[in-house]
Chemist: 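Right, I'll just put the structure down here and ask away after.
Just so it is clear, the model here is predicted, and its values are computed rather than measured.
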Amino acid sequence: MQEQHHILQDSKLANVHKPTRYIGNEINQIVKDPLQTEVRMAFAFPDVYDIGMSHLGSKILYHVVNRLEWASMERVYAPWPDYEALLRREEAVLTTLENKTPLCEFPLLGFTLQYELTYSNLVNILDLGRISLYAKDRLETEPIILAGGPGAFNPEPIADFLDLVVLGDGEEILPQLLHLYRNLQKKYQKRPPRQEFLMKAAEFDGVYVPAFYMPKYDEQHTFQGIERLVENAPMPVRRAIVKDLNQAEYPDALLLPYGEVIHDRAMIELFRGCTAGCRFCQAGCIYRPVRERSLETLLNQAKILIQSTGYDEISLISLSSMDYSQIESLVDTLLHDYGCQGVGVALPSLRVDSFSVDIAEKVQQVRKSGLTLAPEAGSQRLRNIINKRVSESQIMEAVSGAFDAGWSSLKLYFMLGLPGETDADLAEIIRLAERIAGVYRQKKRQGRLRISISVSTFVPKPHTPFQWMGQISPEEIRRRQQLLRSMIRDRAIELSTHDVNTSDLEALFSRGDRRLSAVIERAHELGARFDGWTEHFRFDLWKRAIEECGVDHRYYANHTKEITEVLPWEHLDSGVRKEWLVEQWDLALKELETDDCRFGPCSLCGVCMDYGVQNLLDKESNR
Amino acid sequence: MKLLLMFRKASALRWISHLDLIKVFEKALRRAELPIALSQGFNPRPKMSIALPLPVGTTSSGEYMELELEESMDPLLVVKKLNLQLPEGLHMMQVQVLPERGPAIMSVVDSSFYEIKIPLSEEETAKMGSVITTLQQKSEITVDYLNKEGRKKSMDIKPGVRSISWQMDTNKIEMHLETSSRLFVRPNYVLQAIAAEMYREEWKIDEMDIHRVRIVLHI
């Protein structure tokens with residue numbers, strides 16, 4: 001028998017700031033009897049409840065697993081520091097919300113890897129859940145640790161903590177893995193040996209078992225590629241792809257969170273994947289091709305969700321919702337069918353053109369909240385380099401339309417530190433904002449104009465055409481941020497930039513390898529938590545951990561790699577071919593654009609050929 | 001049609017805030033597909049109000065909600081439909097029809113009954129009866145509290161203490177306190193006075209098990 005762990009008394013919640021993060025008990029929560037459930041899985045979101053409960057992917061997986069009558073999924077979120085302190089003070093174990101089961105008692109525990117700065121929380125959840133941090137140390141009685149999400153495409157910095165990584169779409173592969181577990185459990189009449197489960201699991205497309213591979217380094221400590229330790233382990237590891245989302249499971253009810261969460265509304269997913277081809281964008285590479293849901297499917301899902309949740313707002317989710325082939329019909333029908341019930345439509349992402357502004361105007365007839373557009377770069381030259389196929393006249397047309405529709409508050413997203421960027425390109429950001437202000441003033445509108453320019457720092461991401469590029473140095477980031485700030489003359493223009501140290505740490509993990517797990521373990525030990533939160537981020541702890549582990553931060557973050565260099569994530573196949581990435585890098589250097597293959601010719605990224613898939617649009621586009 | 005519903009808030013749901021409670025009810029009313037009257041304006045909301053906020057962590061078996069329907073309906077059916085949509089811990093117990101043109105329920109709150117359990121030593125348990133008698137006989141009970149700006153203030157709660165008693169069989173303190181807009185006496189003010197009378201430090205926030213038995217309305 002396992003040892004009994006102390007579970008926190010309910011009354012102790014009086015000591016924490018937002019107790020509803022830890023009670024569960026939400027409408028549409030699914031609680032199954034542990035004794036009647038053959039395969040129990042815990043699912044951990046390594047950030048606070050307020051963020052985790054806004055995440056659509058988790059809700060899909062929660063539904064997909066819990067609809068299997070023999071399996072269950074229970075949730076846990078990263079404990080906020082006040083709750084962690086309470087758990088440690090009371091020597092209590094971290095449990096799931098549904099059955100308050102200690103994490104260490106589950107046979108399977110899955111994490112979603114949404115962004116690099118949750119890695120210290122991931123380790124903390126293992127620690128508070130009383131689970132051995134390293135996969136190699138785990139006993140047969142301990143859970144098998146799984147991970148998925150975009151971070152799975154370079155899980156190397158945390159690979160030593162994980163038993164199994166899922167690459168790609170999770171809603172089909174996860175039930176298959178649970179089936180496998182169930183069958184083995186039947187055979188053994190108890191928890192099956194983890195090695196046997198992992199061996200069999202690795203046969204599925206989309207499953208990567210880090211322990212089956214070992215990285216090699218030369219005398220200069222340069223990464224030299226990865227070696228298979230197990231004969232049949234796939235090389236490269238292929239990605240799991242759902243070919244037709246109309247056939248895929250989708251929740252018929254969504255958990256209704258307590259407290260103020262980031263996105264508290266019904267959500268339908270219009271499509272997955274994006275072929276716009278922005279060269280900095282990882283999501284635009286790892287989720288190809290575009291797979292749309294049909295208008296009929298979406299309207300049906302919207303109806304079911306509104307009934308089952310009582311939400312008064314429905315959000316249209318995708319990487320670029322304006323590119324949905326039926327966006328107009330969808331928005332019109334939703335407004336027509338639910339407008340009278342007081343149910344609104346929310347569009348999380350707009351394209352920079354007047355078409356998008358027209359649709360945004362339609363859905364925001366009542367409340368005129370701010371309008372957000374993302375030109376990403378100030379100059380046409382740099383927009384060509386990153387393949388953001390938007391012209392200045394399109395931008396001007398879009399904002400002019402927005403001002404005519406009554407908006408006076410605009411938010412513009414840009415990136416700093418893009419490949420080939422010069423000071424002149426940065427000046428173009430300010431000039432663009434000034435021209436936009438000029439358009440507003442020409443119209444002589446009432447109301448004060450506000451243009452907020454949000455400039456984030458570019459982080460090179462694996463599996464993108466910019467994966468070889470190093471990030472500009474922290475000093476250079478600071479200089480360029482100051483330069484931007486010094487160029488602002490117009491009082492209507494506000495600038496916000498990202499924290500330099502945060503971007504520096506992101507760059508370390510983004511293109512990191514297995515040697516970083518020691519850094520993460522050490523930083524956690526020193527107290528690093530919630531690194532994505534300004535109020536908790538302690539760069540000094542990370543610096544100390546990096547130093548103590550003898551890791552060269554500059555090499556990982558700022559070194560531009562040769563095209564011929566082996567990359568630490570090259571054994572993982574995102575679907576796009578290396579030749580395509582090289583070609584895109586080359587075109588970027590030549591400042592040449594590539595078409596979106598939905599509307600133009602195929603650029604041979606390779607995913608359709610190699611995976612037997614294709615862009616699936618509900619309606620032929622007339623663009 | 002205006003209805004007055006009495007509800008219970010217990011178990012894990014005691015941790016949800018007043019704002020959350022309203023959100024839970026609004027969504028439950030939508031799901032129950034009841035003919036709820038909506039407020040006018042840009043952001044129409046169901047016409048619903050709650051008599052008195054319940055502090056986070058406190059349970060209750062007698063809270064009140066006022067609800068306006070656009071058309072008449074069997075009040076018991078409203079309760080039935082609504083209860084199907086409420087999370088465990090939240091439950092409608094009673095319903096009555098209110099006159100169309102009555103005062104808002106928030107303005108008719110008079111007082112509340114409480115039952116409180118706190119950890120006590122044997123000695124304290126033995127003393128409790130006499131401590132409470134002493135408090136009852138005092139002409140003034142002055143307690144400290146923090147005002148909205150976080151400044152320390154003191155007030156005499158005696159006029160608002162309708163009764164206090166010690167239940168020896170259950171080890172619970174029962175109180176009936178004025179909770180109106182004129183004078184609002186929180187049960188932890190009384191606990192503070194009890195602690196002072198016993199020459200001990202105040203009970204910690206996670207040691208006080210406070211249950212509101214019911215609110216008394218003046219209608």
Chemist: Between A/D10 and B/R14, is any pair of side-chain heavy atoms under 4.5 Å apart?
Modeler: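 A side-chain contact under 4.5 Å exists here.
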Chemist: Measure the CD-OH distance between B/E26 and A/Y311 for me, rounded to the nearest 0.5 Å.
Modeler: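 The OH atom of A/Y311 is 13.0 Å from CD of B/E26, to the nearest 0.5 Å.
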Chemist: Taking all heavy atoms of A/T20 and all of B/W15, pick out the closest pair and write down the distance.
Modeler: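 Shortest heavy-atom separation between A/T20 and B/W15 comes out as CG2-O, 3.2 Å.
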Chemist: Is the count of non-hydrogen atoms from other residues, nucleotides or ligands lying under 6.0 Å from B/E100 atom CD greater than 12?
Modeler: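 More than 12 within 6.0 Å, yes.
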Chemist: Take a 6.0 Å sphere around NZ of A/K411 and say whether it holds more than 12 heavy atoms from other residues, nucleotides or ligands.
Modeler: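 No, the 6.0 Å shell around NZ holds no more than 12 heavy atoms from other groups.
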Chemist: When you compare the side chain of A/N25 with that of B/E88, does any pair of heavy atoms fall below 4.5 Å?
Modeler: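 They are in side-chain contact.
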Chemist: Under 4.5 Å from any heavy atom of chain B, what part of A/N28 do you find: side chain, backbone, both or neither?
Modeler: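 Neither part.
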Chemist: Indicate the atoms forming the closest heavy-atom contact of B/R31 with A/Q307, along with that distance.
Modeler: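 Looking at all heavy atoms of both residues, the shortest contact is CG-O, 3.4 Å.
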Chemist: Could you please spell out the steps behind the salt bridge (charged side-chain N to carboxylate O under 4.0 Å, His left out) verdict for A/D312 and B/R45?
Modeler: CA-CA 10 Å; A/D312 61 1; B/R45 304 233 82 89; 3.6 Å; yes
Chemist: Give a yes or no on whether B/R186 atom CZ has more than 12 heavy-atom contacts from other residues, nucleotides or ligands under 6.0 Å away.
Modeler: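 No, not enclosed.
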Chemist: Heavy-atom pairs under 4.5 Å with chain B are the metric here; pick the option from A/N15, A/D264, A/I23, A/I27 that has the most.
Modeler: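 It is A/I27.
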Chemist: Mind checking the NZ-CD1 spacing from A/K12 to B/I205? Nearest 0.5 Å is all I need.
Modeler: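 Answer rounded to 0.5 Å: 11.5 Å.
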Chemist: Between A/L256 and chain B, which part of the residue has a heavy atom less than 4.5 Å away: side chain, backbone, both or neither?
Modeler: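 Contact with chain B: side chain only.
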Chemist: Measure the shortest side-chain to side-chain distance between A/Y258 and B/L13 over non-hydrogen atoms and say whether it is less than 4.5 angstrom.
Modeler: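 Yes - at least one pair of side-chain heavy atoms lies under 4.5 Å apart.
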Chemist: Between B/K23 (side chain) and A/P257 (backbone), is there a donor-acceptor pair under 3.5 Å?
Modeler: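 Here the side-chain-to-backbone pair does not exist.
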Chemist: Kindly compute the distance separating OG (A/S308) from CD (B/Q85), expressed to the nearest 0.5 Å.
Modeler: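 Between atom OG of A/S308 and atom CD of B/Q85 there are 9.5 Å.
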Chemist: Would you mind checking which part of B/L86 comes under 4.5 Å of any heavy atom in chain A, side chain (CB onward), backbone (N, CA, C, O), both or neither?
Modeler: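 It is the backbone, since no side chain atom gets that close.
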Chemist: Spell out the residues in residues 161-172 of chain B that have some non-hydrogen atom less than 4.5 Å away from a non-hydrogen atom of chain A, in order of number; otherwise answer 'none'.
Modeler: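 When heavy atoms of chain A are the reference, residues 161-172 of chain B contributes no residue within the under-4.5 Å range.
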Chemist: Is it the case that the side chain of B/D206 and the backbone of A/S11 share a donor-acceptor pair, with hydrogens and angles ignored and the cut-off at 3.5 Å?
Modeler: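 No, B/D206 side chain to A/S11 backbone: no donor-acceptor pair under 3.5 Å.
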